[in-house]
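Numbers for residues simply follow the sequence, beginning at 1. All values below were derived from every heavy atom in this structure, side-chain atoms included, with hydrogens, water molecules and symmetry-related copies excluded. In listed order, ligands and their atoms are each counted from 1.
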Amino acid sequence: MPYRHTALTLVPASHPASSPELSLHEVMDRLGPSVFAGLLDVDGRLCYANQAALQAIGSTPEQVIGRLFDATPWWQGCELSQRRVRQALASAARGEASRFDVRITTASGATLAMDFSLLPLFGPDGRVLWLIPSARDVSERDQAQRQLLLTRNAVEQAHDALMQVGPDGAFRDANAAACRLLGLTREQLLRLRVSDVDTQVDETQWPLRWREMCERGALRFETSLRHPDGHEIPVDVSVSLVSSGDEIFAHVSVDDLRERRAAERRIQQLLQFDELTGLPNRQLLYERLGAILQTGAETGVLLLEIDRFKRINDGLGTPIGDAVLREAAQRIAATVRSIDLVARRGGDEFVVVMPAPSVPALDTAQTLLNAIARPMLIDGHEIHITCSIGIASAPADGEHADTLVRRANAALHRARLLGRNQASVYAGSPHDDDPERLALETALRRALRDDQLELHYQPQLDLGHGRIVGVEALLRWRHPTLGAIAPDRFIPIAEETGLIVPIGDWVLRRAIEQAASWQRAGLPPLRMAVNLSARQLLQPDLTRRIEALLAASGLDPRRFGVEVTESMLIANFDQAVQHLNALRALGVEVSLDDFGTGYSSLSYLRRLPVDVVKIDRSLVPDVSAPAEAVSITRAIITMAQQLQMKVLAEGVESEGQAALLAASQCDQMQGYWFSAPVPADAVEAMLRQGRQIDAALIGRRSRQRTLLLVDDEENILAALRRLLRAEGWLVLCAGSAEQALELMARHEIDVILSDQRMPGMTGVELLRRTRQLYPETIRLVLSGYTELQSITDAINEGAIYKFLAKPWDDEQLRAHLREAFAMKEMTDQNRRLGLEVQAANRELAELNRRLQTLLSAQREQNLREVGSREAAQELLDAMPVPMLGVDDEGLLVFANAPARALCGLAGERLGEPAGEQLAPSLRQALEGTAMLVTLAGRRWWAISRLLDGNARGRLLVLLPQTEASK
Ligand code: C2E
Ligand code: MG
Ligand code: MG
């Protein structure tokens, strides 16, 4: 029972007699456990203290009443508070009220932060009669304030530009990075609104933007910001709506895209354009030509080569040679229409692609010959050059970029042999060169009808937890006599003939039915991915049909996915994107297949509605791969993930590859190492057995939280251990600082809780040491002994995270330690993120450097090729032995002078099928290795050799039969 001072059962004079009477004591006792109150006489002696105040210090009224207030146990733990209370008593005696914050140490050892006030109570004569001390627990407020300060500092120092925007669009706050980005002081920025800096939102549009934010809660978009200098800054903006009380504001995080954009542009430029002339390079040529051909338009392909370019390079030097090439490029571009594509194929070769030509290609070629033949004035030299041109046309000479360029090349050979400075049109016929293909085409038409097709499924695994998360459906064709035929062989034929449409339909239906039956069987959920073909993507009703199949089978669309390649999308970008968007809206996942093989471009990737990027197996490095190979893969992973896409690595064949990918933060994988494509029942068996990747391999097994307790008193260590047993932490104990240091060397410690007063080395000293050795540990002191100065110093210099007092409150101590672990994990994560960003930047720079080297190497190679090709031709013409060259399509592409004389070939016969041009005996000789033939009344040894390397085809050499060889 609290003690009651008899003099003080008080009813204010003004109190209406009818209202319930309440003594001051009763009022004070009802204030609740967090409000302390009492009464002092004018001399500062305690006359009364409420229950809450007494309980806090574990005293009875008898122990404290009558004592001078500043000498009571409330102030024992804190000298500073005691001093201020003493001053307040003096002021109160003079009739002045005081209010300040104090710290009170409770019986349980906890420290309370309190808002303390001391009020004088005056008698009717105006003299001070009583003093009323009261204190309110504001630990929470203090804590919140500290938290706020921490957050504030973190925000202020954040690398990202962060701002707060109110519903009216006005900036309410901004950190230093935001001010730096915008080139404004904080004061200037806080006077502005979003519409003053965002180039895409004006004042009238702001309310709409705000409404959109309110509806969605969060937004992410790209825009650009106005800098006071006048330039614009491209940025990626993430907004989330925050409400605090009845206030609502937007938290905006702004990511400066300038560096990323510049790097992307650079990579793009390097990948697709020729450095010397600025024209599209070979890669972009094939990409664009492929796209043009997909439209089905009639297209002319002109392959132009500068005649005897080597002489210019050798005679006048490469700088002049380069200038000639630049000038030639300009003249070509100026001659053709603006819709025509001009590219540099390499060395001294240019290609002009003319979709839907308005005049015959041969006429354009003639204009080009004239344009190039005009004298060039370069660096004081008047230079005369000519060129030769080969022409092929789609669809007559083929429908594929490769075929057309090869055929234009055959025509170019002929132009060259006819004496150069002229154009020649390809004259062979396209489809008679592959009888096996024709047979396959016929067989494929039957395959679908006769049920020879089948689907196999290859598991796709998540590298985070190691489980199967999907399968890819892969088509298999088992022909009754030809056996298994690989998709790479028959899919292109199916594409060209249009058979892919019914086949693709069959695949979709089959795969969806299979996935639905797994879903019905209650197997662990997985996603079925189906490869789409270019033609399927061109069908306007593709999405509708997939939706209907999903609905009919009952398969959850989230368990279905499609795989497409970049080249497919180029054909009809808008329609493809529409389909993919519509499919994603259903929940279907879209994967970009074979990334890294074709025209893989990062900025293009950004525009594609894609969830997963599948890195082609040629880019999946092994542990023994050179560092650059790994860094390119990592750069792709980092960038795809920045674009919010997942990354799956294809063709993983070894454990080493899988581990490397997991370490590179790749999300998923598939490949022979885990499983080849297998029939449905084999997948089912894997799912039932729960087959997965060993967790140790992917290194994601999480580490146990580890705590080190240091105290020289054995019983304290034991008590703490008992207290923390239920937390599931690994708790290590050390009886001295030395022992603690030893344990730290052997274990990775997250949190240390150390006693202060220990023989040898104090806790503060130990933690100072620890900070130097293991700065990432979180360090706390638990001590009954408060040597204030050294501890405050240690806290200020960062050696100690927190100081906890003995005796401790169990619950509070546990809470502090949990918080310390959370803090540790947060800093670990921040550090990892920081390292990843650094690594990604380094990789980007490395990628750029490698591309540069690659490009200059290519340039040298081109120059060398031109030189050696011309020299070789002259050499071969001068050889006294007849020689013929036939390319891998069976076209006669080369005949030296003796061969032309012997076989009666004129230059214009080159580029045509060898079968039609050569005597039957020679045709036969081409098939074998060596045989005797009779030509021009003489016997010859015809020796045929397969060519590999850059030129593909066969070389036929004719040696006169001598007496000796008979
Ligand atoms: P893809 O979509 O890139 O499929 C992956 C290919 O890699 C498959 O070849 C698969 O068997 C193979 N593969 C998987 N793991 C490994 C590995 O560890 N090492 C190696 N070396 N290869 C691995 P597959 O089955 O021969 O298919 C080839 C291509 O044919 C596919 O490439 C896809 O583009 C196409 N294709 C297959 N089925 C269909 C289909 O139903 N429709 C369409 N349109 N195309 C299909
Ligand atoms: Mg695929
Ligand atoms: Mg692939």
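Under a 4.0 Å criterion applied to the non-hydrogen atoms of V652, ligand 1 contributes the atoms 18 (O). Of all atoms in ligand 1, listed by their number and element, those nearer than 4.0 Å to a heavy atom of G671 are 15 (N), 18 (O). Taking every non-hydrogen atom of L532 and a distance limit under 4.0 Å, the qualifying atoms of ligand 1 come out as 44 (N). Atoms of ligand 1 lying under 4.0 Å from any heavy atom of V507, numbered from 1 in the order shown and given with element: 41 (O). Residue-ligand proximity, D488 to ligand 1, at heavy-atom distances under 4.0 Å covers atoms 28 (C), 29 (C), 30 (O).
Within the structure, the side chain to side chain donor-acceptor pair (under 3.5 Å) test picks out the following pairs touching residues 576-588 (sequence neighbours left out): T543-H579, R584-D611.
In the candidate list R617, E563, E495, E650, R617 is nearest to atom 12 (C) of ligand 1, counting heavy atoms. Within the set E653, R510, R535, K614, the minimum heavy-atom distance to atom 19 (N) of ligand 1 is found for E653.
The shortest heavy-atom contact between A662 and L463 is N-CD1, 4.1 Å. Minimum heavy-atom separation, A473 to N531: O-ND2, 3.4 Å.
Side-chain atoms of V530 and E563, non-hydrogen and from C-beta on, never get closer than 4.5 Å to each other. Residues Y426 and N409 are not in side-chain contact: their nearest non-hydrogen atoms beyond the backbone lie 4.5 Å or more apart. M669 places none of its side-chain heavy atoms less than 4.5 Å from the side chain of L648.
Not a single N, O or S atom of S591, from either the backbone or the side chain, sits less than 2.8 Å from the Mg ion (ligand 2). Within the 2.8 Å limit, E650 places no N, O or S atom next to the Mg ion (ligand 2). Contact annotation: E472 places an N, O or S atom under 2.8 Å from the Mg ion (ligand 2).
Atom OD2 is the N/O/S atom of D593 found closest to the Mg ion (ligand 2). The minimum distance between the Mg ion (ligand 2) and any N, O or S atom of E563 involves atom OE1.
Residue-to-ligand polar distances place N531 within reach of ligand 1: an N/O pair is separated by less than 3.5 Å. Annotation: I491 places no N or O atom under 3.5 Å from an N or O atom of ligand 1; distance criterion only. The shortest N or O to N or O distance between R476 and ligand 1 is under 3.5 Å. Looking at E472 next to ligand 1, an N or O pair under 3.5 Å apart turns up.
Side-chain contact of H456 with Q458: a donor-acceptor pair under 3.5 Å is absent, judged by distance alone.
Both the backbone and the side chain of S533 come within 4.0 Å of ligand 1, judged by heavy-atom distances. Using a 4.0 Å cut-off between heavy atoms, D616 makes no contact with ligand 1 at all. When non-hydrogen atoms are compared, ligand 1 lies under 4.0 Å from neither the backbone nor the side chain of V530. Under 4.0 Å from ligand 1, the heavy atoms of Q458 that appear belong solely to its side chain.
Taking 4.0 Å as the cut-off between side-chain N and carboxylate O, R344 and E349 do not count as a salt-bridged pair. Between R545 and D541 a salt bridge is recorded (basic side-chain N to carboxylate O distance below 4.0 Å). One finds no salt bridge joining E513 and R509 here, because no Lys/Arg side-chain nitrogen approaches an Asp/Glu carboxylate oxygen to under 4.0 Å. Looking at K614 and E650, a side-chain N of the basic residue comes within less than 4.0 Å of a carboxylate O on the acidic one, giving a salt bridge.
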Using distance only, find each side-chain donor-acceptor pair of residues 672-683 under 3.5 Å and give its atom names and separation, not counting sequence neighbours.
none

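Only one option out of L279, L284, N281 pairs with F273 in a side chain to side chain contact (heavy atoms under 4.5 Å, CB included); it is L284.
Heavy-atom distances between P677 and ligand 1 reach below 4.0 Å in at least one pair.
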